[in-house]
Amino acid sequence: MPKYDRPKPPVFQRIEDERLHRKQRLAAAFRLFGKFGFSEGIAGHITARDPEFTDHFWVNPFGTYFGHIRVSDLLLVNREGEVVKGDTHVNQAAFAIHSEIHEARPDVIAAAHAHSIYGKAWSSLSHLLDPLTQDSCAFYEDHALFDDYTGVVLDTSEGKRLAEALSTKKALILRNHGILTVGHSVDEAAFWYISLERSCQAQLLAEAAGRPSVIKHETARLTQTQVGSHTNGWFGFQPLYDRIVREEPDLLD
């Protein structure tokens, strides 16, 4: 069988090009989240670290439907929570959560959190996902549980607790709240969110139908290395990006 040279994340020579690329990916991620039904009123946010001002991040404007977001709608927020580019407001919960994650994890370019139905349902069970499928193995020993709920996250001290619970992992289950994912690119963070939401759905369905078979520890650990890498997450997003840009090209405006 001939060797397949898998595409790799782009490398940029100019900050301006990298910034535009991240913003385009971010707007596309919001459109996909809207299409997949991850929106819940004003809840939910995805952030992308700015490549030049690395303590700033781009985020969705508060109260705008995911499925309407364009590149030009995105806000740039600084470490103090001030909007430095854009003319609308930022969700206070988005700042409280994402600012602490970006500060605690310099490797994280993007973080995604929404109130999608299966992630919410799974979060109420207060335990980690089991390795039931090949896809869910991407999160094996690489997701954590924030086993507490104290109301809407509006303070950075609570965001700091979430960041500590996430630690070095790619995903976090927030008890009675939902799910959160991070990545070394917007593409990766968005794909892991979509995959984690579906993995929650798969386990809920399997447990409702009967007693699912769990993949053995050694096999799950091996599979995690095969499907759970940063480049796997990035690559998984590419056909989704191509789909949404073809269907809704105005997101690039």
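Side chains are part of it too, since the values below use all heavy atoms of this structure and drop only hydrogens, waters and symmetry mates. All values reported here derive from a predicted model rather than from experimental measurement.
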> Residues two or more places apart in sequence or in another chain: which of them pass salt bridge (charged side-chain N to carboxylate O under 4.0 Å, His left out) with Asp55?
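Expected list: none.
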> Verify the neighbour count for atom CZ of Phe146: are there more than 12 heavy atoms of other residues, nucleotides or ligands below 6.0 Å?
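Yes, enclosed.
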> Heavy-atom count around His127 NE2 within 6.0 Å, excluding the residue itself: above 12?
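Buried by this count: over 12 neighbours within 6.0 Å.
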> Kindly state each residue pair satisfying salt bridge (charged side-chain N to carboxylate O under 4.0 Å, His left out) with at least one member in residues 224-246, sequence neighbours excluded.
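Qualifying pairs, neighbours excluded: Arg243-Glu247.
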> Sorted by first residue and then second, give each salt bridge (charged side-chain N to carboxylate O under 4.0 Å, His left out) pair with at least one member in residues 38-54; sequence neighbours left out.
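Pairs touching residues 38-54 that pass the test: Arg19-Asp50, Arg19-Glu52, Glu40-Lys120.
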> Under 4.0 Å between a Lys/Arg side-chain N and an Asp/Glu carboxylate O for Glu188 and Lys170?
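Salt bridge: no.
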> For Asp107, give me all partners under side chain to side chain contact (heavy atoms under 4.5 Å, CB included), at least two apart in sequence or on another chain.
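With neighbours one apart ignored, the set is Arg105, His184.
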> Take Glu158 and Arg161 through the test salt bridge (charged side-chain N to carboxylate O under 4.0 Å, His left out) and record every step on the way to the result.
CA-CA 5 Å; Glu158 188 73 353; Arg161 294 178 64 213; 2.9 Å; yes
> Sequence neighbours left out, what passes side chain to side chain contact (heavy atoms under 4.5 Å, CB included) with Arg221? Give chain and number order.
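Scan of Arg221 (side chain to side chain contact (heavy atoms under 4.5 Å, CB included), adjacent residues dropped) gives Tyr140, Glu141, His217.
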> Return the set of residues passing side chain to side chain donor-acceptor pair (under 3.5 Å) with Ser126 (not counting sequence neighbours), or none when no residue passes.
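Applying side chain to side chain donor-acceptor pair (under 3.5 Å) to Ser126 gives Asp147.
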> Other hydrophobic cluster members with Val214, side-chain heavy atoms of Ile/Leu/Val/Met/Phe/Trp/Tyr under 4.5 Å, chained?
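For the cluster that includes Val214, the remaining residues are Leu132.
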> Are the aromatic ring centres of His113 and His177 under 6.0 angstrom apart?
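Ring-ring flag for His113/His177: true, centres closer than 6.0 Å.
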> Looking at residues at least two apart in the chain, or sitting in another chain, which of them share a salt bridge (charged side-chain N to carboxylate O under 4.0 Å, His left out) with Glu18?
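Salt bridge (charged side-chain N to carboxylate O under 4.0 Å, His left out) list for Glu18, sorted by chain: Arg22.
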> Can you confirm if the NZ or CZ of Arg25 lies within 45° of the ring axis of Tyr241 and under 6.0 Å from the centre of its six-membered ring?
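Yes, a cation-pi geometry.
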> Starting from Val90 and following side-chain heavy-atom contacts under 4.5 Å between hydrophobic residues (I, L, V, M, F, W, Y), which residues can be reached?
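Its cluster mates, by chain and number, are Phe57, Val59, Leu75, Val77, Val83, Phe95.
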> Using ring pair (Phe, Tyr, Trp, His ring centres under 6.0 Å) as the criterion, list what pairs up with Phe33, not counting sequence neighbours.
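Applying ring pair (Phe, Tyr, Trp, His ring centres under 6.0 Å) to Phe33 gives Phe38, Tyr193.
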> Among all residues two or more places apart in sequence or in another chain, which pass the side chain to side chain donor-acceptor pair (under 3.5 Å) test with Glu16?
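Listed in chain order: nothing, the list is empty.
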> Which pairs count as salt bridge (charged side-chain N to carboxylate O under 4.0 Å, His left out) when at least one residue sits in residues 59-74, sequence neighbours excluded?
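Found Arg70-Asp73.
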